[in-house]
Structures are given as structure tokens and as C-alpha cells.
S.K.: 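Here it is: the structure, laid out below.
To find a chain, count down the sequence lines: A is the first, B the second, and so on, and within it residues start at 1. Since the structure is predicted, the reported quantities are computational estimates derived from the model, not experimental observations.
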Protein chains: 2
Amino acid sequence: MVGIRDVANEAGLAPATVSRYLNGQIVLRPETGKRIDDAVKKLNYRPNVIARRLSSGDSETLGLVTPDISYPLFSAIASAAEMEATRQGYQLAIFNSRNSVETELNILRHLETRQLDGIALLTNHTDTAAAAERINAVGKVVLIDEDVTGAEAPRIFADNEGGGRLVARHLIEMGHRDIAFIAGPEGMISAEERRAGFAAELAAAGLSLRPDWTLHGEYSEDHGAEAAITLLRAEQRPTAVFACADVLAVGVMRAARELGVALPGELSLVGFDDMNFSGLLHPPLTTVRQDAEVFGREGVRALLRLLKGEPTVEVVRVPVSLVARDSVASVG
Amino acid sequence: MVGIRDVANEAGLAPATVSRYLNGQIVLRPETGKRIDDAVKKLNYRPNVIARRLSSGDSETLGLVTPDISYPLFSAIASAAEMEATRQGYQLAIFNSRNSVETELNILRHLETRQLDGIALLTNHTDTAAAAERINAVGKVVLIDEDVTGAEAPRIFADNEGGGRLVARHLIEMGHRDIAFIAGPEGMISAEERRAGFAAELAAAGLSLRPDWTLHGEYSEDHGAEAAITLLRAEQRPTAVFACADVLAVGVMRAARELGVALPGELSLVGFDDMNFSGLLHPPLTTVRQDAEVFGREGVRALLRLLKGEPTVEVVRVPVSLVARDSVASVG
DNA sequence: ATGGCCTAGTAAACCGGTTTAAAAGCGGCT
DNA sequence: AGCCGCTTTTAAACCGGTTTACTAGGCCAT
């Protein structure tokens with residue numbers, strides 16, 4: 001294993017000189033520089049990253065924490081983040097927190113031990129006090145997609161409220177007046193904002209969101225299905241449902257099929273996320289597109305700005321757009 | 001930042017003693033041990049992993065390389081692998097190679113610099129000479145799902161041939177005799193094995209796979225669509241298509257829709273992979289299920305066995321199963 | 001006492017870089 | 001010749017652990 005000392009010997013110089021030259025901290029007279037370059041090439045020298053981390057304190061590695069890397073939106077974000085990190089000369093290590101606070105804290109600890117220069121955190125639960133405390137203690141964290149209450153960190157969020165508005169407007173345009181809302185977990189900022197925008201736009205049209213047609217629960221297919229069954233079994237049925245995540249919408253579809261309810265004939269459905277297969281569902285799902293590319297890219301950029309002490313924006317809002325496909329029928 | 005020297009001071013011992021005690025390399029008399037434990041607790045000491053790696057040479061981190069973490073099968077494997085690694089006390093760092101040989105080689109280099117103890121490699125191209133050389137040089141690599149020709153490493157592969165057979169048998173049972181095959185890239189072992197099993201079983205039934213009905217190309221929706229168009233525009237159409245990956249099948253569906261060909265009425269379709277949304281497609285796709293959980297879990301286990309010098313199996317074959325849904329109609 | 005043999009604990013080198021403070025080399029000026 | 005100031009290069013400390021080889025102390029047998 002060839003080390004910097006070998007290179008120094010070969011070039012007839014001191015290790016310090018080699019190190020500083022290779023890191024661009026000094027300029028050597030061309031002839032000396034060439035001696036080093038030649039030695040590096042001849043010995044095929046690669047600096048040992050671990051050693052560098054230990055002494056310099058920088059790992060040149062960023063971390064991305066997701067609750068579940070197998071969830072399409074998250075893996076798409078991870079993919080985009082990896083791209084941007086690589087482009088900027090950093091490496092990205094991806095972690096699965098499985099939504100466990102414990103695991104999140106463990107990963108955040110990597111910041112203190114310098115294994116990670118910074119972390120982009122995607123989280124999915126409301127129990128955030130401990131994480132917030134740690135984030136504030138070390139800094140070097142950006143939040144993507146979902147909030148950690150009380151943490152001071154740059155945030156990259158979707159324009160959830162605008163998305164909610166888009167959905168309301170679309171359904172109203174299509175003639176719907178009896179509209180239900182399948183929400184995510186209570187207290188989750190993404191869900192709350194989507195609801196707020198949705199409700200506001202309904203209100204603007206003289207409609208209101210009925211409390212008994214607002215069903216909270218976790219972001220899962222099962223919750224979507226259960227909520228749909230509740231709605232469809234009630235004496236009065238909505239003509240349209242806004243499920244504020246595509247997984248929920250998939251659950252609604254499953255329930256509708258089981259109950260023999262035609263989509264979109266008897267029930268219109270809108271989702272949120274535009275997971276990459278949402279257009280392939282039956283019927284192709286009308287949904288609000290969140291741009292995973294932008295999340296990943298901007299997340300990494302914001303993190304790097306933070307690390308370099310450049311000014312960062314408090315909250316970046318990633319625009320969303322409505323993708324109208326075939327799961328909404330016009331009524332009236 | 002509290003270090004081992006601080007703990008040693010607090011406990012009135014030497015750093016070496018603390019280190020060896022904490023790593024279970026020596027047993028101290030209970031009272032001394034307690035002094036250390038107390039000091040650790042009092043100072044909230046956490047060993048610096050980087051420093052440990054540098055001196056001991058072990059990183060307790062495993063790497064998983066995938067061509068594209070946003071591809072459902074891969075992200076599912078990553079998720080399962082992360083689970084198993086954590087269970088065994090290792091951390092898993094996930095990398096996106098974007099199918100670039102260059103990137104793969106860079107990541108493999110982490111083995112030499114001890115950033116990674118071992119690597120589970122998922123690859124997706126046939127240009128494998130350089131990777132094979134490096135793998136053989138350092139060892140500590142297992143191959144998942146796809147081969148790297150010439151590499152000596154434990155392999156975790158699907159029972160591709162068996163899968164191909166299952167599909168052939170199913171289509172034959174449903175009365176099909178005119179069957180086309182949309183293959184993956186030429187030379188890719190998974191595609192070849194699937195074809196081999198498929199062809200063998202057709203042959204056993206007195207049928208043969210027509211060369212002009214065997215279309216190679218990359219694993220992408222576009223290739224699936226193009227192949228489907230070629231098949232559907234020919235004077236004689238097959239009654240069924242086996243697309244040897246679900247992405248390809250999705251492409252076939254798209255093309256069929258565009259050409260107004262009813263599925264499964266006019267064309268039956270079988271995929272391979274069972275990506276998590278394959279059952280949600282229209283029509284729900286009949287496909288061969290590859291168990292991502294098993295891939296991830298067994299990959300990590302095999303890797304750990306390899307690292308510990310325990311005997312490893314040359315090739316583990318992960319069983320597959322046919323999931324019959326609605327994309328195959330019976331004919332004749 | 002003396003030596004042999006444990007056990008408990010330690011000093012110091014080491015991993016492979018980075019970084020700081022200082023030395024060496026060199027030309028010009030008095 | 002002696003000194004200044006500038007550039008080029010280096011010795012040595014450091015990051016925070018691990019590991020090896022060794023010492024100190026206690027016990028038993030001779």
C-alpha cells in the first residue's frame with residue numbers, strides 16, 4: 001500500500017510538501033511539481049481517505065436519511081441527490097432510518113464524529129423533539145420534504161398548500177361539490193399544508209371541507225383503503241376524494257375495486273406525489289407532481305451552502321403541478 | 001470532544017487499557033471495569049469511528065452498489081440489505097453507480113482504502129473485464145442478481161432459468177403457441193438464462209422460439225415499447241409475449257395502448273421481477289416474482305461470511321415464483 | 001531469599017494523512 | 001561581508017484510536 005511518504009521519497013521531497021501541493025495549498029515551481037506528479041503516477045498513489053478525514057476533519061461525504069429507501073419518491077430523491085453530490089465532488093451515503101427516532105439520532109451522531117460532513121434528513125414522524133435538539137446542537141443538517149418542529153435548519157419543502165389548491169380548483173372545475181379528504185398523519189406538516197390549501201380553495205368557492213370527510217392516518221395503502229371503505233359505506237357518498245399521497249390513492253383504488261365502485265364513474269380520485277408508476281395505474285391517476293429531482297438537487301445544494309457558511313434560504317419551496325389523467329370524471 | 005484519553009484520565013488508567021477493555025480483548029477485575037464504565041457514562045464517551053478505522057483497519061461498514069437506486073427492484077434490495085446489515089451490527093452505505101464502470105471501480109477502491117469492509121455489487125452492463133480484475137485483486141465482494149464475468153466471488157442469483165420455464169409452461173397451458181420473447185441486453189446473464197429456460201420448456205412442448213421473435217435491447221420501457229411495435233406491426237402477430245423484465249412489460253403495455261391492441265384480449269403478456277406496483281397496472285401484470293428481501297438479506301449474509309473467512313457457497317439461487325394475474329388470456 | 005509464573009496494567013509505536021512553525025536557499029542592498 | 005526579505009521546503013506535532021511488547025506486583029514452590 002503506497003502512502004504519501006513513498007511519493008515524497010520518490011520525488012525527493014518531504015511528505016508535507018507533497019500533501020500541500022496535491023491539495024493545492026501551495027504552488028511549487030513547475031519542475032518540482034512535475035516531480036511529484038510523476039511520482040504519483042508511477043506509484044499509482046491514492047490518498048487514504050480515512051487518514052485524511054482523521055487529520056483534516058472533513059469526510060467529503062454527505063448523508064441522506066430516508067425513512068424507507070424502497071418508497072419510490074424517496075428513492076428518486078436519493079438518486080437525484082447522489083447525482084448532485086457526485087457532481088460537486090462529494091460522496092453520498094444513503095441511510096434507511098425505518099422511521100425510527102433512535103436510528104435517526106445514531107446517524108446524526110456521525111456528524112460529531114466527522115464521518116459525515118452534513119446530512120439531508122427526510123423524516124416521517126411527528127416525534128421530533130430529540131432530533132430537533134441534536135440538529136440544533138450540531139447544525140449541518142437540511143430538512144427535505146417534511147418538517148422537524150423546533151429545528152433550525154434550511155428546509156426544502158414542496159409547495160404543499162399550492163398543491164392542495166390546485167386539486168380543489170380542478171375538482172371544482174369538473175363539477176364536484178361533495179369532496180372528501182384523506183389526510184396523512186395528524187401533525188405532519190405536509191399533510192396539514194395540503195389540507196389548508198385544499199380547504200381554502202374550497203372555501204373560496206363557497207364549499208367547505210366536512211370534518212367527517214377528513215380522515216387522518218398514516219401514509220399507507222391500508223389507511224387509504226380503510227378510509228375509502230368508511231366513505232363509501234356511509235349513507236352519503238362524496239363524488240370525489242383527494243388522497244394526499246399516491247399510496248393512499250392506491251389504497252382507495254383497491255377498496256373501490258373490492259366494493260365494486262367504478263373509478264372514475266362513481267368516484268373521482270386525485271393523489272399527491274406522482275410516483276413514477278402513477279400514470280400506469282387503472283385508471284391512470286390524476287395527481288400532483290412533486291419533482292424528486294429538484295428535491296434531491298436542491299437539498300444537496302442547500303446543504304453544501306450551509307457547510308461552506310454561505311447564506312442559505314430559510315425555506316425553499318419546490319413548485320408542484322397538477323397532472324390531469326383519467327381518474328377524475330366531470331359531474332353535474 | 002471527549003476522547004479515550006479523557007476516559008482513561010477519569011478512570012485513572014491508561015488509554016490502552018480502556019481501549020482493550022471496551023473492545024473485549026481483556027477482562028479486568030470487576031472493580032476496575034466499573035471505573036471505566038462509569039467514566040464512559042459520565043463523559044458520554046463515543047469512540048471516533050474514523051480513528052478506529054484508521055488504526056484497526058476495519059470500518060464496520062458494508063457497501064451496496066446499484067446501477068440505479070430509484071429502480072424499484074434495486075431499492076427494495078437495498079432496503080432489505082440495510083436491514084440485515086444493521087441487524088448484524090454493520091452499517092450499509094448505498095451507492096449509485098449509474099451503470100458507469102468508472103464509478104464502479106472508484107467504489108471498489110474503497111475496499112483498498114478500508115472505507116468499506118466489503119461490497120455487494122449489483123451491475124447491469126456487460127463490460128466487466130476491469131471490474132472483474134479489481135474484484136479478484138481485493139476479494140471481499142459478492143455479486144447480486146447479475147454476473148461479472150471472470151470475477152471470483154460468491155453470487156446471489158435468481159433462478160432465472162426456472163423462471164423462464166414457469167412462464168413457458170403457463171403460456172402453453174393457457175393455449176398459446178405463438179409466443180415472442182423480449183429479451184434484455186445481449187450477453188447479460190439474467191436475460192440469457194431466462195431465455196434458455198423459456199426456450200427449453202417451449203422445446204419440450206414441441207414449440208420453438210423464433211429468432212425473429214426474440215428481441216434484444218436494454219432493460220428500459222422504451223425498448224419494451226419498440227419491440228412490441230415491431231411485433232405488432234409484423235404480418236404475423238404472436239398471441240403472447242414474454243418480456244423478461246417488468247419495465248419491458250410496461251413498455252409493451254404502452255405500445256399496445258397506442259396501437260389500440262387490447263390486453264390480454266389480443267395479446268397476452270408476462271413480465272419478470274414483480275416490481276411492487278406490477279399488480280396495480282392495467283391489466284394487473286402476470287409476472288415472475290423475484291424476492292428482493294431474499295436478495296438483500298442473503299447478499300449481506302454471504303458477504304459477511306466471506307469477510308469472516310467462513311466457507312461460502314459459490315452460487316446461491318433465489319427461488320422465483322409465477323404470480324398469475326390478469327394479463328394472460330387463454331386461447332384456442 | 002530466589003526464581004518462575006501469573007495477572008493487571010502500561011508506554012510507546014503505529015495507522016496515513018494534514019498543518020503549523022520554522023529552517024534553508026537565494027538575490028539584492030548597504 | 002552582513003543583513004534583510006522573500007520564496008521554497010521541511011521537521012515535528014497532531015488527529016484519536018489500536019496494538020505490541022513490556023513492566024510491576026503478587027503468589028507459590030524450592
Side-chain angles (χ1 to χ4, degrees), chain A residues 1-40 43-61 89 91 109-117, chain B residues 1-40 43-61 89 91 109-117:
Chain A
M1 173 125 309
V2 20
I4 201 169
R5 282 151 180 99
D6 301 311
V7 176
N9 277 345
E10 178 74 25
L13 292 166
T17 314
V18 177
S19 168
R20 299 175 61 200
Y21 170 74
L22 291 177
N23 290 312
Q25 297 177 1
I26 49 170
V27 182
L28 295 180
R29 89 170 66 122
E31 179 261 329
T32 315
K34 187 166 176 334
R35 288 221 311 277
I36 296 183
D37 293 335
D38 289 349
V40 165
L43 302 176
N44 189 28
Y45 166 72
R46 301 270 157 202
N48 179 320
V49 185
I50 304 275
R52 170 180 293 165
R53 283 186 204 184
L54 180 59
S55 62
S56 79
D58 274 348
S59 66
E60 269 147 39
T61 304
Q91 196 163 82
R109 234 192 303 271
H110 292 356
L111 290 175
E112 289 161 24
T113 56
R114 299 290 178 64
Q115 299 187 69
L116 257 25
D117 285 1
Chain B
M1 173 123 307
V2 19
I4 200 169
R5 283 155 180 96
D6 302 311
V7 176
N9 276 346
E10 178 73 27
L13 293 166
T17 313
V18 177
S19 170
R20 298 174 62 198
Y21 170 73
L22 290 178
N23 291 312
Q25 296 179 2
I26 49 171
V27 182
L28 295 180
R29 88 170 67 125
E31 178 260 332
T32 316
K34 187 166 177 333
R35 289 220 310 278
I36 296 183
D37 292 335
D38 289 349
V40 165
L43 302 176
N44 189 29
Y45 166 72
R46 302 269 156 202
N48 179 321
V49 185
I50 304 274
R52 170 180 294 165
R53 283 188 204 182
L54 180 59
S55 62
S56 79
D58 272 349
S59 67
E60 269 147 38
T61 304
Q91 197 164 79
R109 234 193 303 271
H110 292 357
L111 289 175
E112 289 161 25
T113 57
R114 300 289 178 67
Q115 299 188 69
L116 257 25
D117 285 1

S.K.: Counting distance only, does the side-chain N/O of S56(A) pair as donor-acceptor with the main-chain N or O of R52(A) below 3.5 Å?
M.R.: yes
S.K.: What residues, two or more places apart in sequence or in another chain, satisfy side chain to side chain contact (heavy atoms under 4.5 Å, CB included) together with S19(B)?
M.R.: I4(B), N23(B)
S.K.: If only atom types and distance count, is the side chain of D117(B) paired as donor or acceptor with the main-chain N or O of E60(B) below 3.5 Å?
M.R.: yes
S.K.: Whole angstrom is fine here: how far is it from CD in Q25(A) over to P in dT8(D)?
M.R.: 16 Å
S.K.: Using the salt bridge (charged side-chain N to carboxylate O under 4.0 Å, His left out) criterion, which residues pair with R35(B)? Sequence neighbours excluded.
M.R.: E31(B)
S.K.: Check the pair R46(B), R109(A) against side-chain contact (heavy atoms from CB on, under 4.5 Å), reporting the backbone distance first and the verdict last.
M.R.: CA-CA 9 Å; R46(B) 302 269 156 202; R109(A) 234 192 303 271; 3.7 Å; yes
S.K.: Applying side chain to side chain contact (heavy atoms under 4.5 Å, CB included), name anything that partners I50(B), two or more places apart in sequence or on another chain.
M.R.: I50(A), R53(A), L54(A), Q115(A), N48(B)
S.K.: Quick one, Q91(B) and H110(A) - any side-chain contact, counting heavy atoms below 4.5 Å?
M.R.: yes
S.K.: Indicate the atoms forming the closest heavy-atom contact of A8(A) with A14(A), along with that distance.
M.R.: CB-C, 3.7 Å
S.K.: Listed in order of residue number, which residues of residues 27-36 of chain A have a non-hydrogen atom at under 4.0 Å from DNA chain C?
M.R.: none
S.K.: What is the 5' to 3' range of DNA chain C, first to last nucleotide, that sits under 4.0 Å from any heavy atom of chain B?
M.R.: dA8(C) to dG16(C)
S.K.: Hey, does the side chain of T17(B) reach the backbone of L13(B) with a donor-acceptor pair shorter than 3.5 angstrom?
M.R.: no
S.K.: Looking at V2(B), V18(B), D6(B), I36(B), which one forms a side-chain contact (heavy atoms from CB on, under 4.5 Å) with Y45(B)?
M.R.: V2(B)
S.K.: Give the residues of residues 12-21 of chain A touching DNA chain D, defined as any heavy atom closer than 4.0 Å, sorted by residue number.
M.R.: G12(A), L13(A), A14(A), A16(A), T17(A), R20(A)
